Amino acid sequence: MSENGTKYIFVTGGVLSSLGKGITAASIGTLLKHTGQRVAVLKLDPYINVDPGTMSPLEHGEVFVTKDGAETDLDLGHYERFLDTSLTQKNNFTTGQVYKTVIENERKGKYLGKTIQVVPHIVNEIKERILRAGEGKDILIVELGGTTGDIEGLPYLETIRQMKHELGRSMVMNIHVTLLPYIKVAGELKTKPTQHSIQELRRIGISPHMIILRAEQPVPTDIKKKIAYSCDVEEDSVIVAEDAATIYQVPLGFLNQDILTPICKQLDLNACQPKMDEWSDLVHKIIMPSDEIKIAFVGKYLDLKESYKSLTEALIHAGAHLDYRVNIKWVDSEKVEEDGAAKYIKECDGVLVAGGFGERGVEGKIKAIQYAREEKIPFLGICLGMQLSIIEYGRNVLELEDVNSVEFTEKPKNPMIYLIDEFIDASGSKQVRTSTSPLGGTLRLGEYECETKEGSHLREAYDGATVIYERHRHRYEANPKYRDLLESHGMMVTGESHGLIDAIEVKDHPWFLGVQFHPEFTSRLQSPNPSILAFVKASIENKSH
């Protein structure tokens, strides 16, 4: 096993979910990458869905899309943003995918008539996928979703236990993230939840080498010592992850506690001094920027901000590079339908209309787009936001009757947004889709090239690049039948992908851009997405006028 010499760091979590295992894994990965190591991250999702593509964003948060078109967990977004790298479908897999493969193999007779069991068949499939994700890397950080003791996670923990024996001591490190709650009435930090979580992990056969304590406040040395002794880890391997002003501060907090010394010792690594000066400078600008602007973020999944995670992070990246705090004013598109756009947008420096599926709140988004266009406020429309800006233009400038998307009305008189029957996907294969195709797997997904138009805001944003590469996640397209009519009335097509309309702009507007792709998926702290950076720049200029 692991003939390629890859070393593995397994990150598990205890006590409860949403502790920040993903940020922990990403932060450790960032520090190791800045020492010169080749690092990748893998997320193991114990749920039985094949992928999160058909799960509600209200339940699961955002669906993140990789360059090769995989719909994955939002933690992959954190990994890409922290590590400034592009991951692929091999960097995330679910129990559903594992069982699907094993069952298909059994049907083909690959197991030679054996009884199929969790051990060894499911465990071996998990193991193979982990090793595949580590190929060509010095270190693979593997995050296991859920909580230690969950029935769904047991096959993964068994895999981790076996790999420690098969690979050898200096090839594997186990890091456990737990909650250190503060009981206000008693005025105490309580260590028992951590102790019980470690006991459960050890019962399964895994002894962690490091414990990360999630706490809302500083943790005294005597508490850390108590945990080290009771959980049988070295004192320098009890690390505190305190609540931070920004998630990008977490790697710096870990570095201040000298987290890399025990990691490098366990994994027998040299040169553990990361170069974090640029990162530190950007974090300083996030926490203490020189100025601020206000962006109206018009959406409908506002009950759970996680459903727009990549986009809100992309605004933070752009702000950090421009030394501005981007304050988001969350605008519920259904309220705009009732009250009009001016009430919510008037005081804002820019307007952003995000993507989404379904008809709810659409008319409110259209009103917000009309207001931004007519009042000359910098505007960025993403995915559905671009489609609705075309519909708004068709209704209010072209004055066409019954303009709509076939997503919302089956047969509008003017289907300016429609469903194409077939297209070439990111891998070059032909895809066919109809209105009755299943939701899973019929989207235009992943990275596509887009040709930019000379003189456009789009080309300017990308430093004059004639071809750019961005990621998509949508079923419907702008109808090219209306292109000449739109362009003759001032809405220009400024981005195209193999004849499909990927970007539009309004001629007599200071900065109005609609893009069919999702620019937020390629934004990183150290390299913000160009179109989002240009939008924030335009909003800053609008504020200063």
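The model shown is predicted, which means the values in this text are computed figures rather than measured ones.
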S.K.: Is there a donor-acceptor pair under 3.5 Å between the side chain of Asn92 and the backbone N or O of Asp73?
M.R.: yes
S.K.: Among residues at least two apart in sequence or on other chains, which ones pass ring pair (Phe, Tyr, Trp, His ring centres under 6.0 Å) with His509?
M.R.: Phe512
S.K.: Thinking salt bridges, do Glu347 and Lys294 make one under a 4.0 Å N-O criterion?
M.R.: no
S.K.: Using the side chain to side chain contact (heavy atoms under 4.5 Å, CB included) rule, pick out the option among Val298, Leu384, Leu380, Ile382 that qualifies with Val353.
M.R.: Val298
S.K.: Run the ring pair (Phe, Tyr, Trp, His ring centres under 6.0 Å) test against His457 and tell me which residues pass, sequence neighbours left out.
M.R.: Trp511
S.K.: Would you call Glu401 and Lys413 a salt bridge, using N to O less than 4.0 angstrom?
M.R.: yes
S.K.: Would you call Lys43 and Asp45 a salt bridge, taking side-chain N to carboxylate O under 4.0 Å as the test?
M.R.: yes
S.K.: Under the rule for ring pair (Phe, Tyr, Trp, His ring centres under 6.0 Å), what residues qualify as partners of Phe82, not counting sequence neighbours?
M.R.: Tyr248, Trp279
S.K.: Please say whether more than 12 non-hydrogen atoms of neighbouring residues, nucleotides or ligands are located less than 6.0 Å from CG in Asp281.
M.R.: yes
S.K.: Just wondering, are more than 12 heavy atoms of other shown residues or ligands nearer than 6.0 Å to CD in Glu454?
M.R.: no
S.K.: If every non-hydrogen atom of Ala478 is compared with every non-hydrogen atom of Tyr418, which pair is closest and at what distance?
M.R.: O-CE2, 3.6 Å
S.K.: Would you tell me whether Glu292 and Asn327 have side-chain atoms, one donor and one acceptor, within less than 3.5 Å of each other?
M.R.: yes
S.K.: Nearest 0.5 angstrom please: Ile501 CD1 to Asn479 CG, how far?
M.R.: 7.5 Å
S.K.: I'd like to know if the side chain of Thr94 and the backbone of Asn49 have a donor-acceptor N/O pair within less than 3.5 Å.
M.R.: yes
S.K.: Of all heavy-atom pairs between Glu449 and Asp502, which one has the smallest distance, and what is that distance?
M.R.: O-OD2, 4.4 Å
S.K.: With a 6.0 Å cut-off (strictly less than), is the heavy-atom count around NZ of Lys376, excluding the residue itself, greater than 12?
M.R.: yes
S.K.: Whether the Asn404 and Thr409 side chains hold a donor-acceptor pair (N or O, under 3.5 Å, no angle test) is what I'd like checked.
M.R.: yes
S.K.: I'd like to know if the side chain of Arg325 pairs up with that of Ser290 as donor and acceptor (distance under 3.5 Å, no hydrogens or angles considered).
M.R.: no
S.K.: Are Ile295 and Ser539 close enough, and set up right, to give a side-chain contact (heavy atoms from CB on, under 4.5 Å), and what steps lead you there?
M.R.: CA-CA 8 Å; Ile295 300 289; Ser539 302; 3.4 Å; yes
S.K.: Going through the checks in order, is the side-chain contact (heavy atoms from CB on, under 4.5 Å) test met by Val536 and Val326?
M.R.: CA-CA 8 Å; Val536 173; Val326 178; 4.0 Å; yes
S.K.: Go through the side-chain N and O atoms of Glu505 and Thr494 and say whether any donor and acceptor fall under 3.5 Å apart.
M.R.: yes
S.K.: So is Arg444 actually on top of Tyr448's ring, under 6.0 Å and inside 45° of the axis?
M.R.: yes
S.K.: For side-chain contact (heavy atoms from CB on, under 4.5 Å), just list the numbers for Phe408 and Tyr476, CA-CA rounded to whole Å, side-chain angles, deciding distance to a tenth of an Å, and then say yes or no.
M.R.: CA-CA 11 Å; Phe408 313 130; Tyr476 298 88; over 6 Å; no
S.K.: Whether Arg473 and Glu71 form a salt bridge (side-chain N of Lys/Arg under 4.0 Å from carboxylate O of Asp/Glu) is what I want to check.
M.R.: yes
S.K.: Could you tell me whether Asp339 and Lys343 have a side-chain N and a carboxylate O separated by less than 4.0 Å?
M.R.: yes
S.K.: With sequence neighbours left out, write down each residue that passes side-chain hydrogen bond (donor to acceptor under 3.5 Å, both in side chains) with Thr452, or none if nothing qualifies.
M.R.: Arg459
S.K.: List the steps, then state whether side-chain contact (heavy atoms from CB on, under 4.5 Å) holds for Phe93 with Leu44.
M.R.: CA-CA 6 Å; Phe93 64 84; Leu44 310 177; 3.2 Å; yes
S.K.: Quick one: does any side-chain atom of Lys33 pair with a main-chain N or O of Leu83 as donor and acceptor, under 3.5 Å?
M.R.: yes
S.K.: Which atom pair, heavy atoms only, marks the closest approach of Thr88 to Leu76?
M.R.: O-CD2, 4.3 Å
S.K.: Whether Arg483 and Glu496 form a salt bridge (side-chain N of Lys/Arg under 4.0 Å from carboxylate O of Asp/Glu) is what I want to check.
M.R.: yes
S.K.: Can a donor-acceptor pair be found, under 3.5 Å and without considering hydrogens, that links the side chain of Lys329 to the backbone of Tyr344?
M.R.: yes
S.K.: Verify the distance criterion only: is there a donor paired with an acceptor across the side chains of Glu451 and Thr466 at less than 3.5 Å?
M.R.: no
S.K.: Among residues at least two apart in sequence or on other chains, which ones pass side-chain hydrogen bond (donor to acceptor under 3.5 Å, both in side chains) with Thr101?
M.R.: Arg129
S.K.: Do Glu143 side-chain atoms and Phe10 backbone N/O form a donor-acceptor pair below 3.5 Å?
M.R.: no
S.K.: Treating Ser333 as the side-chain partner and Gly364 as the backbone partner, does any N or O pair qualify as donor plus acceptor under 3.5 Å?
M.R.: no
S.K.: Looking only at non-hydrogen atoms, find the nearest pair between Leu74 and Arg81 and report the distance.
M.R.: O-NH2, 4.3 Å
S.K.: Quick one: does Lys7's side chain have a donor or acceptor within less than 3.5 Å of a partner on Lys137's backbone?
M.R.: no
S.K.: State, to 0.1 Å, how close Ser389 and Ile504 come at their nearest heavy-atom pair, and which atoms those are.
M.R.: OG-CD1, 3.4 Å
S.K.: Give a yes or no on whether the backbone of Ala26 and the side-chain of Thr30 come within a donor-acceptor separation of less than 3.5 Å.
M.R.: yes
S.K.: Any ion pair linking Lys309 and Glu313 (charged N to carboxylate O, less than 4.0 Å)?
M.R.: yes
S.K.: Counting only N and O atoms by type, is there a donor-acceptor contact under 3.5 Å from the side chain of Asp349 to the main-chain atoms of Ile293?
M.R.: no
S.K.: Does Thr95 use its side chain to pair, donor to acceptor, with the backbone of Ile48 at less than 3.5 Å?
M.R.: no
S.K.: Check whether more than 12 heavy atoms from other residues, nucleotides or ligands sit under 6.0 Å from atom CD of Glu460, and answer yes or no.
M.R.: no
S.K.: What residues form a ring pair (Phe, Tyr, Trp, His ring centres under 6.0 Å) with Phe521, not counting sequence neighbours?
M.R.: Phe64, His518
S.K.: Roughly how far, to the nearest 0.5 Å, is CE of Met492 from CD of Glu487?
M.R.: 4.0 Å
S.K.: Mind listing the closest non-hydrogen atom pair of Leu140 and Ala133 along with its distance?
M.R.: CD1-O, 3.8 Å
S.K.: Please step through salt bridge (charged side-chain N to carboxylate O under 4.0 Å, His left out) for the pair Glu392 and Arg373, ending with a clear verdict.
M.R.: CA-CA 10 Å; Glu392 186 278 323; Arg373 180 178 60 77; 2.7 Å; yes
S.K.: As a test of understanding, state which of His472, Glu477, Gln387 forms a side chain to side chain donor-acceptor pair (under 3.5 Å) with Gln516.
M.R.: Gln387
S.K.: Verify the distance criterion only: is there a donor paired with an acceptor across the side chains of Tyr482 and Asn414 at less than 3.5 Å?
M.R.: yes
S.K.: Distance check, rounded to the nearest 0.5 Å: Lys67 atom NZ versus Thr85 atom OG1?
M.R.: 8.5 Å
S.K.: Closer than 4.0 angstrom, basic N to acidic O: yes or no for Arg524 and Glu80?
M.R.: yes
S.K.: Salt bridge check, Glu363 against Arg395: does any charged N sit closer than 4.0 Å to a carboxylate O?
M.R.: yes
S.K.: With the threshold set at 4.0 Å, does a side-chain nitrogen-carboxylate oxygen contact exist between Asp68 and Lys90?
M.R.: no
S.K.: Taking atom types as modelled, find out whether Tyr462 and Glu470 have a side-chain donor-acceptor pair closer than 3.5 angstrom.
M.R.: yes
